[in-house]
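This report concerns only the one structure given below.
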Amino acid sequence: MSSSSSIPVRAALPEPIRFERFPASEHVVLVHGGAGAVPEASRAAHAAGCLRAAHAGAEVLRAGGRALDAVCAAVIVLEDDPLFNAGTGACLDESGALSLDAAVMDGQRLDAGAVACLPAFANPVRIALRVLEAGGPILLSGEGARVYAVAQGFAPAGDAMVTSAARPNLADAKTRGATLGWAGGTVGAVARDARGHVAAATSTGGKTNKKIGRVGDTPILGAGTYADDALGAASATGDGEAFMRLLLSKSAVDALAAGRADAAREVIAHLGARLGALGGILLVSPRGEASFARNTETMSYGVVGPGFEVCGT
Ligand code: ASP
């Protein structure tokens, strides 16, 4: 079985920024499959996986569904795909365990749900959505997240989620040193629905060989995930510590709302210039203009709206 193991650890320097912007669309879903350096031979499969996920989200929107449900539908497809570092195929922490982070945010009422350091459950984004719907705490972590998930009827998944390459990948990261343990392959989605609401969802295993208890940017609102109908929606991937220090997802939607259509490029340039860090971000504006930027070699993506679909790395 293939897995995110084929993705090399972090490259040394930011690449030239790639920025793409798509025309405004009544409804649109844009997904990413992680910023990193996917080898040439795997790029088509990563792009195809992202397009499949974007279609799953677009189907929800075509049927008149909510942006919130579209981003979850898209992320579930990627969590189930062992190519990506989320759900099945996620990377392992220093103890050899899965420790999963996920978040979902609804731009209409600023409702949000997130889980951090969740053990093996097939679809962390479903649990994050349940946290959102419950309307209480926004972020549940570790044992608390596990207990909550079980109480809500989610079945623990066990070792079936660990792909054949995840353990050698961990061993490789250990020999290289813990600071080099970035797997890439985080997944995320942003969407705008026909009613003008936006949403974002992100899910990840984090970094290979990460410290036990380490939480990345993914479940931290404003860092890895954000949505506000008045501003836009964002889902990030890359060096989580840097995204948290810069609160990059919130900065990005603030820049969009200030009329800066190339906000994605702007914040990724800042990520590289201020901290020398690597990553990528997806945005959708309140008017349905999807865009993304990355300063890594690749960030697989797929975007689907009425009458158009694009994917790539
Ligand atoms: N941002 C994720 C984290 O730091 C990793 C990634 O996107 O590759 O946990």
Side-chain angles (χ1 to χ4, degrees), residues 3-11 14-15 31-38 46 49-50 75 78-79 81 83-87 89-94 97-103 114-118 124-125 128 139 141-142 166 169-170 173 178-190 200-226 234-250 252 264 267-268 271-272 275 277-282 292-301 313:
S3 83
S4 56
S5 69
S6 56
I7 299 170
V9 291
R10 179 205 300 252
E15 298 274 327
V31 314
H32 70 76
V38 174
H46 280 250
C50 287
V75 166
L78 294 169
E79 286 179 336
D81 188 333
L83 269 186
F84 299 96
N85 177 20
C91 64
L92 303 175
D93 72 9
E94 63 181 355
L98 289 166
S99 179
L100 308 168
D101 295 344
V115 289
C117 298
L118 180 78
V125 77
L139 172 57
S141 69
N169 202 27
L170 174 62
T179 55
L180 293 176
W182 180 37
T186 289
V187 308
V190 295
T202 317
S203 181
T204 188
K207 298 177 175 184
T208 299
N209 199 27
K210 66 186 179 183
K211 285 202 96 49
I212 296 171
R214 181 263 186 187
V215 177
D217 59 314
T218 295
I220 307 299
L221 300 185
T225 308
Y226 203 74
S235 171
T237 167
D239 189 339
E241 280 68 20
F243 279 86
M244 285 189 273
R245 287 155 76 191
L246 297 171
L247 217 58
L248 219 76
S249 287
K250 180 61 163 58
V267 298
I268 293 302
L271 177 77
L275 294 174
L278 297 172
I281 196 163
L282 308 181
F292 72 81
R294 59 157 163 85
N295 66 357
T296 46
E297 206 178 310
T298 65
M299 180 175 75
S300 49
Y301 69 92
T313 54

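Residues: numbered from 1 along the sequence shown. Note that ligands are numbered from 1 as they come in the structure, with each ligand's atoms numbered from 1 the same way. Only heavy atoms go into these numbers, but all of them, side chains included; no hydrogens, no water, no symmetry mates.
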Quick check: [X] and ligand 1, any N/O pair under 3.5 Å apart?
X: Glu241; value: no
X: Arg214; value: yes
X: Ala35; value: no

### Query
Is a side-chain N or O of Thr298 found less than 3.5 angstrom from the main chain of Val38, in a donor-acceptor match?
yes
### Task
Output all residues satisfying ring-ring contact (aromatic ring centres under 6.0 Å, His included) with Tyr226, sequence neighbours left out; order by chain, then residue number.
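ring-ring contact (aromatic ring centres under 6.0 Å, His included) list for Tyr226, sorted by chain: empty.
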### Flag if over 12 foreign heavy atoms under 6.0 Å of CZ, Arg245
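Not buried by this count: 12 neighbours or fewer within 6.0 Å.
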### Query
Which option, Val187, Asp217, Asn85, owns the non-hydrogen atom nearest atom 1 (N) of ligand 1?
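Ranked by closest heavy atom to atom 1 (N) of ligand 1, first place is Asp217.
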### Query
Going by heavy atoms, is Gly238 under 4.0 Å from ligand 1?
yes
### Message
Heavy-atom contact check, 4.0 Å cutoff: does Lys210 meet ligand 1?
### Response
no
### Query
Taking the inter-plane angle between the rings of His46 and Phe84 on a 0 to 90° scale, is it parallel (under 30°), tilted (30 to 60°) or perpendicular (over 60°)?
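Perpendicular, since the angle between the ring planes exceeds 60°.
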### Residue Thr186 vicinity, atoms of ligand 1 by number, heavy atom under 4.0 Å
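This gives 2 (C), 5 (C), 6 (C), 7 (O), 8 (O) as the contact atoms.
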#### Entry: Ligand-side contact atoms (ligand 1) for residue partner Thr237, heavy atom cut-off under 4.0 Å
6 (C), 7 (O), 8 (O)
#### Entry: Pairwise distance CG(Asp101) to CG(Leu118) - rounded to 0.5 angstrom
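So the gap between those two atoms works out to 9.0 Å.
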### Message
If you compare all heavy atoms of Ala166 against all heavy atoms of Ala90, which two are closest, and at what distance to 0.1 Å?
### Response
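Heavy atoms only, the tightest pair is CB-O, 4.3 Å.
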